[in-house]
There are 2 protein chains.
Amino acid sequence: MVPGVDDLPSWLLTQTAAQAGRLVAAEFAAEGARGYHYRLLRSLIDEGPASQADLGRRTGIHFSDVVASLNELTTGGWIARTPDPADRRRNVVTITPTGLHRAEVLATRAAAVQDHLLAPLSQEERAAFVATLTKLLHHLRPHESEE
Amino acid sequence: MVPGVDDLPSWLLTQTAAQAGRLVAAEFAAEGARGYHYRLLRSLIDEGPASQADLGRRTGIHFSDVVASLNELTTGGWIARTPDPADRRRNVVTITPTGLHRAEVLATRAAAVQDHLLAPLSQEERAAFVATLTKLLHHLRPHESEE
DNA sequence: CACTAACGTTAGTTGCCCTAACGTTAGACG
DNA sequence: CGTCTAACGTTAGGGCAACTAACGTTAGTG
């Protein structure tokens, strides 16, 4: 291992994340999905139907990318959009039975990746790692943690 | 914090890395540089002049992106490319005094980011975190660790 | 001499993250 | 009631990292 750049925590973090991201992306691609799709579906499952703007706020996905991703999910029949009669500016997005099923499949795939990702770590190390990442993420992105 | 996606280690990892990456990118951008530039300059400093192919192998940057990045570094006068008389397929890339200085500035900037990134952690937690990331990276990218 | 591989270049794609401009709708204010 | 600001959603695009594919030149091997 060379000294210098390779021991910068930020570099280690981004390189490890890139590898982890590839693993997850490969699993999702096998199901015809992407990371944004899963994030949106999970938000709908966990927090119920929402406007597109709310989905963007919940998931951290930029509103313009929410539009594109919801278009893809609509095409696949995984979600449905309906205008909100109470506020015609808004669509209300709901997950469909198909989408629910797809999300479950994606969740299973994502869970399997975690085991591979964290294979070299003991249970105690895993817990510590997750706690550290959570702490750092709250530090770096405080507005998300105020939820 | 919502359950589900948000507690997947891979998600925490990629979100934290994205934030860390933005911090580093902002510092480098202020110096007219990018992450690839720094990685290439550091490799030249730490391991000496090299062919483009070797630089790609050392840094993990894809050979086509090495070309593009070296073009930018050449334009800025931070590196020089000369054909290798021993093998005319190759260029030998060397860092210039300007490049050496720029790399030092970038190193200082990058180091400052690490302090911000890891601010919520104690020294012991920082060491553990770096050790864990290193272990995971070796696991996920074994060919790099054989160096 | 033919073939394979290495080297470097060019052009492009994908996904994540982001910016900008626009039209429609809602609510506040005078 | 009209004007203004903001919210919502859409469209089009960019930057960066990471990656793929095709091509021409050079080197080494059989």
Side-chain angles (χ1 to χ4, degrees), chain A residues 5 10-11 13-29 32-40 50-72 74 79 81-93 140-141 144, chain B residues 5 10-11 13-29 32-40 50-72 74 79 81-93 140-141 144:
Chain A
V5 62
S10 61
W11 188 86
L13 197 49
T14 57
Q15 292 301 301
T16 308
Q19 296 298 318
R22 288 182 58 193
L23 294 176
V24 175
E27 291 295 318
F28 285 172
R34 300 190 288 107
Y36 279 1
H37 298 148
Y38 183 62
R39 282 161 71 180
L40 290 164
S51 69
Q52 296 179 198
D54 274 343
L55 280 173
R57 283 187 280 276
R58 289 180 186 177
T59 60
I61 299 170
H62 195 272
F63 63 87
S64 61
D65 299 316
V66 170
V67 174
S69 297
L70 290 182
N71 286 345
E72 292 159 5
T74 300
I79 60 124
R81 272 174 167 126
T82 54
D84 184 346
D87 186 336
R88 294 215 308 281
R89 292 175 294 181
R90 299 181 171 191
N91 291 323
V92 174
V93 183
L140 296 170
R141 202 166 65 183
E144 299 297 322
Chain B
V5 62
S10 61
W11 189 88
L13 195 51
T14 58
Q15 292 301 300
T16 309
Q19 295 298 317
R22 288 182 60 189
L23 293 176
V24 177
E27 292 295 319
F28 285 173
R34 297 189 290 105
Y36 280 0
H37 298 148
Y38 182 62
R39 280 161 71 182
L40 291 165
S51 68
Q52 294 178 201
D54 274 343
L55 279 173
R57 283 187 282 274
R58 291 178 183 178
T59 59
I61 299 170
H62 196 271
F63 63 89
S64 61
D65 299 317
V66 170
V67 175
S69 296
L70 290 181
N71 286 344
E72 292 158 4
T74 301
I79 60 125
R81 271 174 168 127
T82 55
D84 185 346
D87 185 336
R88 295 214 310 280
R89 293 175 294 181
R90 300 181 171 190
N91 292 323
V92 174
V93 183
L140 296 169
R141 203 166 65 183
E144 299 297 319

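Residue numbering restarts at 1 for every chain, and letters A, B, ... go by the order of the sequence lines.
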What distance separates Leu40(A) CG from Ile79(A) CD1, expressed to the nearest 0.5 Å?
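If I round to the nearest 0.5 Å, the distance is 8.0 Å.
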- Item | Non-neighbouring partners of Asp84(A) that pass side chain to side chain contact (heavy atoms under 4.5 Å, CB included), sequence neighbours left out |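 Here the qualifying residues are Ala86(A), Asp87(A), Arg90(A), Val92(A).
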Which donor-acceptor pairs under 3.5 Å do side chains of residues 13-23 of chain B form with protein atoms, sequence neighbours excluded?
unit_1, atom_1, unit_2, atom_2, d
Thr14(B), OG1, Ser10(B), O, 3.2
Thr14(B), OG1, Trp11(B), O, 3.1
Gln15(B), OE1, Arg141(A), NH1, 2.8
Thr16(B), OG1, Leu12(B), O, 2.5

Given that Asp54(A) and Pro85(B) both sit by DNA chain D, which one's nearest nucleotide is further toward the 5' end?
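The residue mapped nearer the 5' terminus is Asp54(A).
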**Message:** According to ring-ring contact (aromatic ring centres under 6.0 Å, His included), who are the partners of Tyr36(B), at least two apart in sequence or on a separate chain?
**Reply:**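 Testing Tyr36(B) for ring-ring contact (aromatic ring centres under 6.0 Å, His included), a comparison that skips the adjacent residues, returns none.
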Return the minimal non-hydrogen interatomic distance between Arg34(A) and Ser69(A), and the atom names on each side.
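Arg34(A) and Ser69(A) have their closest heavy atoms at NH2-OG, 3.4 Å.
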A correct 5'-to-3' footprint of nucleotides 9-18 of chain C, with B, S and - meaning base, sugar-phosphate only and no protein heavy atom under 4.0 Å, is BBB---SSBB
Fill in: dG27(C) OP1/OP2 closer than 4.0 Å to side-chain N/O of Arg88(A)
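So the side-chain polar atoms of Arg88(A) never come under 4.0 Å of the phosphate oxygens OP1 or OP2 of dG27(C).
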Heteroatom pairs (N/O) under 3.5 angstrom, protein to nucleotides 28-30 of chain D:
none

Original post:
Rounded to the Å, how far apart are Glu72(B) CD and dC16(D) C1'?
Top reply: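 These atoms are roughly 11 Å apart.
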Inset, instruction - Let me know the distance between CG of Leu23(A) and C1' of dA18(D), rounded to the nearest Å. - result: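 For the pair Leu23(A) CG and dA18(D) C1', the rounded distance is 14 Å.
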Member of Gln52(A), Arg57(A), Arg58(A) meeting the side chain to side chain donor-acceptor pair (under 3.5 Å) criterion with Asp54(A)
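Only one of Gln52(A), Arg57(A), Arg58(A) forms a side chain to side chain donor-acceptor pair (under 3.5 Å) with Asp54(A), namely Arg57(A).
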Relative orientation of the end axes in the helix from dC1(C)-dG30(D) to dG30(C)-dC1(D), expressed as an angle to the nearest 10° (five pairs per end):
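Here the helix ends are tilted 0° relative to one another.
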| Can you tell me if Arg81(B) uses its side chain to pair, donor with acceptor, with the backbone of Asn91(B) under 3.5 Å? |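 Side chain of Arg81(B) to backbone of Asn91(B): no pair is present.
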